[in-house]
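To keep things clear, I will list the structure first and then write my remarks on it.
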Amino acid sequence: MVLKTADHHPSAFMKSFLSQCGGSAVIDGGLATELERHGANLNDPLWSAKCLISSPHLIRRVHLDYLEAGANIIISSSYQATLQGFEAKGFSKKEGESLLEKSVKIACEARDLYYENATKGSWDISTDGKLTPKNRPVLVAASVGSYGAYLADGSEYSGVYGDNIGLETLKDFHRRRVRVLAESGADLIAFETIPNKLEAQAYAELLGEEGINIPAWFSFSSKDGTHIANGDSIEDCAFVANSCDRVVGVGINCTPPRYIHGLIQSIQTVTNKPILVYPNSGETYDGNKKEWVPSTGIADVDFVSYVGKWREAGASLIGGCCRTTPNTIRAISKILSKN
């Protein structure tokens, strides 16, 4: 379904999308978790982006699983896909750019397949105005992970890059990647798991300098419900996002569910833009061992119990991040459809 909007201004884009979704939208869930469940080995600096090379069919399968679970937004497998990372694997710049484009193409193919299945009668099309698979709007968001995600050393969870990494360095690192993804056919760019204000500033300036013509959202990761990963306040970071015209949503991802309610309230003090939240399962990632510690996670039923409160607090786009599954997203979709 093509999003219908008569106004190309970014804010009108998101307003129209949310209206067509009934006031709130469902973001998909964890990608790597599901790729591993389908048999992928992601022990690699490219992480989930490795599957762009080795098993793109698995990525398409996971996207489709989330669409069938009720997602309105599917996020591409480009979070840890960078030109520099592909170059380290022996790919040329042109080949790396093709892989970035491929991440969005796979997501778009999954959306097309989802709609094709719907028109073949896999689901009944209701006549009472309710959203159904055939007319439910779906957007493809091109994921951009942080500089720390490229380093694959755990610094994406600390936001500490060292004194030698400044604003211009970050802009130069992301510049071509953002341009390629913006021209890949995605509906918007998802700047995800932003761990420090400096990188948010780099993104905001890039959007203007490169004349990026599709909307974007900024999503930060929080370590304690008040500050993002490196210690910058969530209000200061949300202010950077609010100041950028291309940004149509501000929020939080890869953060324990227990912190989300307070973070929504904090973000609301500095912006009127739609707020998006897609927390992780509540488990903790050990950057040294490169594994998740399961003892602190929460079950789907507990995760989903927060959803109504997040919606009441002001979040209008809700989904899941690391270690959440299609079952999580299905439950979120069910709750939001009742509101």
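Keep in mind that the numbers below use all heavy atoms, side chains included, and drop hydrogens, waters and symmetry copies. Nothing fancy with the numbering, it's 1 onward along the sequence.
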Please test Ser184 against Leu100 for side chain to side chain contact (heavy atoms under 4.5 Å, CB included), starting from the C-alpha separation and ending with a verdict. CA-CA 8 Å; Ser184 64; Leu100 286 173; over 6 Å; no
Neighbour count >12 (heavy atoms, 6.0 Å) for atom NZ, Lys15: no
Identify, with sequence neighbours excluded, every residue that meets salt bridge (charged side-chain N to carboxylate O under 4.0 Å, His left out) alongside Lys171. Glu168, Glu205, Glu209
With sequence neighbours left out, write down each residue that passes salt bridge (charged side-chain N to carboxylate O under 4.0 Å, His left out) with Asp44, or none if nothing qualifies. Lys89
Any donor-acceptor pair under 3.5 Å from Gln268 side chain to Ala313 backbone: yes
N/O donor-acceptor pair under 3.5 Å between Arg177 side chain and Ser78 backbone: yes
Could you tabulate the donor-acceptor pairs under 3.5 Å formed by side-chain atoms of residues 137-147, not counting sequence neighbours?
unit_1 : atom_1 : unit_2 : atom_2 : d
Ser143 : OG     : Glu192 : OE1    : 2.4
Ser146 : OG     : Gly148 : N      : 3.3
Ser146 : OG     : Ala149 : N      : 3.2

Taken in chain and number order and not counting sequence neighbours, the residues that satisfy side-chain hydrogen bond (donor to acceptor under 3.5 Å, both in side chains) with Thr226 are none
Which residues pass the side-chain hydrogen bond (donor to acceptor under 3.5 Å, both in side chains) test with Thr193, sequence neighbours left out? Asn253
Not counting sequence neighbours, list each pair that qualifies as a ring pair (Phe, Tyr, Trp, His ring centres under 6.0 Å) and has a residue in residues 254-279. Trp217-Tyr278
Donor-acceptor side-chain pairing of Tyr114 and Arg136 below 3.5 angstrom: yes
For Asn230 and Asp232, which I'm curious about, is there any donor-acceptor pair between the side chains at under 3.5 Å? yes
Hey, is Arg37 close enough to Glu34 for a salt bridge, meaning N to O under 4.0 Å? yes
